[in-house]
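Note sheet for the following structure.
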Amino acid sequence: MSTTEILFWFLSALALAGATMVLISKNPIHSILWLIVVFFAISGHYVLLNAQFLAIVNIIVYAGAIMVLFLFVVMLMNLNSDTEPQKNNWLKIAGAISGGSLMLIMVDVVRSAAELQNKTAMVKEGNIGLIKNLGKVLFTDYIVPFEIASVLFLSAMVGAVVIGKKESGEPANM
Amino acid sequence: MVLLQIDFGIIIEKLVLIAAIITGSLVIAMYATYGERKVAAVLQDRRGPNRAGPMGILQPLADGLKLFMKEEIIPNTSNKFLFIMGPSLAMLTAMMTSAVIPWGNEIHINMLGIDRHVSLQIADINIGVLFIFGVVSMGVYGIMIGGWASNNKFSLMAAMRGASQVISYELAMGISLIALLMLTGTLSMKTIVEQQMAGNWNIFYQPLGFLIFLICAFAECNRAPFDLPEAENELNFGYHQEYSSMKLGFYLFAEYINMFISSVIMATLFFGGYDVPFIDESTLSVNVAALIGIISLLIKTVIFIFIFMWVRWTLPRFRYDQLMNLGWKNLIPLALFNMFVTGAVILWRQG
């Protein structure tokens, strides 16, 4: 086995174990911390694919910003295993079956997709994930989706400001 | 049979480099605590620590010994694992940033039959600046986890303050750096330094960007005048209120390491890194150039650390809403303005 293969299997095992722990930990804070571990493992996979820019952006945006917001909310709501509502066992089984079927369909779609047949991932080579190529592609081939996504972000930002804006009667401090 | 094709030379080389850099940052951070107290003493017309050793030079060792000897208290109601993980994460993220900083160009080792050129940078990755942002955004977890795991509402509030402060100022910091990156056209720290060695230092092109970066660095390190997370008279002691012994020491120490590392980053990005002004390094031998390069970087860093301390003992603390107003309503628009002006000038020069 080469070092790349060892790293690949290690990262895959870490990602799967982390994802399982997200589901089965009782404490929501622990779930969030395990989710951060999963994001790190996925970033490791990006690095193996030589997509360093995607790897670091994944860490900055998901692990660094979104997960911090999750932590904020969970910490301030003070959830813990005692206050969590006990779910019905039948509900859990039904959820497992429907979720499993969805996963089967996804796996089948990916496996039978014509574009993915007989393709292997380019490990350690390939340069599509490097920042130079990514920037060129985003601003030439995919300029329209890129701009539409930025309009979406702008509207989300404006929405957040409108919701967060204080009523005129409220006191001005935090 | 060879199972793994690994060049052991490079592993040893990097391990030695990592050990040297970590030891170096720890020692410098240690003496930064001493320096802080001496600077405070000078500014307040006192003498400062002067009992342990000549001029009090052994004071950091005495402080460290005191912290190690204190009783380790873990509160009963705290989450034990996360309570220990908080300070560890704070320390880890503080140290990790040093991986992408070029401490010098390279040294040439030619003895005992070994002939190698050793680069004085742990990893020259092509996303160096983004790596620093990634690690900085991880630094929030040390504060938040520590504050939450203490199971104390003052710690939790201080942790929330600290985290929201770091997140808010990260934005302005990022935007002020975008202008710099538009000029350099690269994210690699080493290339940025090499460009400055060939031309002028970036401070001459980006004075406003540097000012914004400096203010944000104060806020990111939770230093006065932005030390709201540890405001003693409002939140007792801040997010590390329940901590004692060396776990408290880790939090306090991580702050000094952060201060050292952000000084190095400022020196590297805006003040030429290991470049010595008015000297052409290519005329010197490799090892001599590396040596004076490292010394030059350290001198610039010490000057920045001094500015950090100077500001701390000169300015009073902001109120929390003033802090947020400064970040969101002044620094971010200013950084955006800087970015647009830089972009316009670059386009205009290209014709």
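So you know, we letter chains A, B, ... as the sequences are listed, proteins then strands, and number each from 1.
For the atom pair B/L82 CG and A/N27 CG, the distance stands at 7.5 Å (nearest 0.5 Å). Taking CD of A/Q52 as the reference point, atom CG of B/N126 lies at 4.5 Å (rounded to 0.5 Å).
Using a 4.5 Å cut-off on side-chain heavy atoms (C-beta onward), A/L71 and B/V140 make no contact. Contact annotation: the side chain of A/L33 never approaches that of B/F81 to less than 4.5 Å [non-hydrogen atoms, C-beta and beyond].
Contact of B/Y141 with chain A is made through the side chain alone, with heavy-atom distances under 4.5 Å. Residue A/I36 touches chain B through its side chain alone, counting heavy-atom pairs closer than 4.5 Å. B/L130 touches chain A through backbone and side chain together, each having a heavy atom under 4.5 Å away. Heavy atoms of B/L187 lying under 4.5 Å from chain A belong exclusively to its side chain. If you measure heavy-atom distances from B/M144 to chain A, the contacts under 4.5 Å come from both the backbone and the side chain.
Applying the 6.0 Å contact sphere to CZ of A/F72 captures more than 12 heavy atoms from other residues, nucleotides or ligands. Open room surrounds CG on B/N76; 12 or fewer heavy atoms of other groups in view lie less than 6.0 Å from it. Surrounding NZ of B/K153 are at most 12 heavy atoms belonging to other residues, nucleotides or ligands under 6.0 Å away.
For residues 152-159 of chain A, an interface with chain B (any heavy-atom pair closer than 4.5 Å) does not exist. Within residues 99-109 of chain A, no residue has any heavy atom closer than 4.5 Å to a heavy atom of chain B.
Of all non-hydrogen atoms in B/F131 and A/I56, the two that sit nearest each other are CA-CD1, 3.7 Å. Of all non-hydrogen atoms in B/S137 and A/I60, the two that sit nearest each other are OG-CA, 4.2 Å.
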